[in-house]
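Everything below concerns the one structure shown next.
Just so it is clear, the model here is predicted, and its values are computed rather than measured.
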Amino acid sequence: MIYYRIFLLFCLVESSYSSLAQRFNNQIKKEPRSGFLIIPGIKTAEINASRYYMYDHEVSVSDYQEFMDYLKKEQKYDVLEKIRPDSSKWIFEDKVPFQKYFYSNEYLNFPVVCISYDAAVEYCKWIELLINKSRKDSRIAVVRLPTNFEWVNAVYWPHPDAVYATGAKDKLVNEKQCYLANYRIEAQIHMQKKGSQIPLRPINSFNPSMVGTYNMAGNVAEMLLSRGKVKGGHWDSEEEDLKVAPIKSFDGPSVYVGFRPVMYYTEAPK
């Protein structure tokens, strides 16, 4: 009820949303991993918390390189082999070689792709480890892939009638005829005008949503906690697939699929 009242109040003063998101973001920056934003939540069977946190961006090549470096340092070579991007799924070799995208500095700010569901789970476990090592109180962080409810809730607050996860409710193009997401039409136009070699875009492309998340519509589809399920559409999606409601399937590493973690806190057992 309290969040419903907050929502009604903020509907009257729309400009307050951006400042609220910034204030939330400033609070979470104390964590060892930057990028988590507070999402007002509802207690469910999956999450017993009044709020949870979500990455403001799709996990980037830079983020993932850091993860791989950690595994090397800790000599966890069995996990490292398990989570490496799958070069056989990279379809842009003639334009941007696999090694250049994943292991150079040029594409650090682009989404990591061609990884498995299990690799995304391992990344979440690593972030969870980092955060819990830094905790000074009794709370325990849980980091994982989002449920469909959590992903959708991050879009619907503060726009319960949103059609797309662009922050513009029912629009993929603004009044200046600028595209608000990276999907098939926009990707083709961008590549023609800008001479881009690949249709993927940086993780902070386009305007953020009202709570501060980037690219929840388009760029790469995002894995859900349910194995083989994704949300949000990708760079080769049609408009219909970018809508908030659809859940799509994927069957393994792909240039169309990435992920972003969510986090919430539980109390340590006594």
Side-chain angles (χ1 to χ4, degrees), residues 3-4 6-25 35 37-41 54-58 60 109-111 146-194 196 198-224 229-248 256-260 262:
Y3 282 114
Y4 178 71
I6 291 173
F7 168 72
L8 291 178
L9 173 63
F10 278 54
C11 281
L12 298 175
V13 190
E14 186 173 276
S15 61
S16 296
Y17 286 122
S18 58
S19 62
L20 178 68
Q22 183 61 48
R23 187 159 67 252
F24 285 164
N25 195 27
L37 293 172
I38 293 177
I39 309 295
M54 176 180 277
Y55 257 27
D56 65 355
H57 62 281
E58 302 148 338
S60 69
N109 203 36
F110 281 65
T147 64
N148 179 62
F149 171 83
E150 291 161 357
W151 196 97
V152 170
N153 181 65
V155 177
Y156 282 166
W157 195 95
H159 292 313
D161 56 346
V163 177
Y164 303 105
T166 59
K169 295 197 291 189
D170 60 351
K171 295 180 176 63
L172 287 173
V173 182
N174 65 18
E175 63 278 2
K176 296 181 180 179
Q177 298 304 301
C178 296
Y179 287 93
L180 303 176
N182 179 22
Y183 62 110
R184 181 175 294 178
I185 296 175
E186 195 281 337
Q188 293 173 350
I189 293 173
H190 180 79
M191 291 182 70
Q192 292 171 359
K193 288 186 175 180
K194 303 294 185 179
S196 299
I198 55 176
L200 291 161
R201 300 287 288 280
I203 57 171
N204 58 348
S205 299
F206 307 98
N207 292 328
S209 69
M210 296 305 294
V211 293
T213 55
Y214 290 88
N215 287 326
M216 289 186 73
N219 212 28
V220 291
E222 299 179 7
M223 298 182 203
L224 295 177
K229 304 300 182 182
V230 294
K231 295 283 288 187
H234 51 73
W235 54 266
D236 198 36
S237 291
E238 300 286 1
E239 293 183 16
E240 188 69 21
D241 292 333
L242 266 65
K243 290 183 176 180
V244 177
I247 299 176
K248 297 293 182 178
Y256 304 103
V257 176
F259 71 102
R260 77 176 75 210
V262 297

**Prompt:** Nearest 0.5 Å, what's the OH-CG distance between Tyr164 and Leu242?
**Reply:** 7.5 Å
**Prompt:** Can you tell me if Asn215 uses its side chain to pair, donor with acceptor, with the backbone of Ile203 under 3.5 Å?
**Reply:** yes
**Asked** With side chains defined as the heavy atoms from C-beta onward, is the minimum distance between Tyr179 and Leu172 less than 4.5 Å?
**Response** no
**Asked** Does the pair Arg201/Glu186 count as a salt bridge with the N-to-O cut at 4.0 Å?
**Response** yes
**Prompt:** Between Tyr183 and Trp235, is the gap from one ring center to the other below 6.0 Å?
**Reply:** no
**Prompt:** Can you check whether Asp241's main-chain N or O pairs, donor with acceptor, with Ser237's side chain at less than 3.5 Å?
**Reply:** no
**Asked** Can you tell me how far CH2 of Trp151 sits from CG of Leu224, rounded to the nearest 0.5 angstrom?
**Response** 8.0 Å
**Message:** Please check: side-chain N/O of Thr166 versus main-chain N/O of Lys171, any donor-acceptor pairing under 3.5 Å?
**Reply:** yes
**Message:** Any salt bridge linking Glu222 with Lys231? Criterion: basic side-chain nitrogen under 4.0 Å from a carboxylate oxygen.
**Reply:** no
**Message:** Could you check whether any side-chain heavy atom of Glu239 comes within less than 4.5 Å of a side-chain heavy atom of Ile185, counting everything from C-beta outward?
**Reply:** yes
**Item:** 4.5 Å side-chain heavy-atom contact, Lys229 and Asn148
**Value:** no
**Request:** Determine yes or no for a side-chain-to-main-chain donor-acceptor pair under 3.5 angstrom, with Gln192 supplying the side chain and Ile189 the backbone.
**Result:** no
**Asked** Would you find a donor on one side and an acceptor on the other, under 3.5 Å apart, between the side chain of Ser196 and the backbone of Ile198?
**Response** no
**Message:** Is there a side-chain contact between Val163 and Lys169 in this structure, where contact means two heavy atoms from C-beta onward sitting under 4.5 Å apart?
**Reply:** no
**Fill in**
Looking only at heavy atoms, the pair that brings Pro111 and Asn219 closest together is CG-ND2, 3.7 Å
**Item:** Close side-chain approach of Ile39 and Asn153, heavy atoms under 4.5 Å
**Value:** yes
**Message:** With a 4.5 Å cut-off on side-chain heavy atoms, are Glu58 and Phe110 touching?
**Reply:** no
**Prompt:** Do any N or O atoms from the side chain of Arg184 and from the backbone of Glu238 form a donor-acceptor pair under 3.5 angstrom?
**Reply:** no
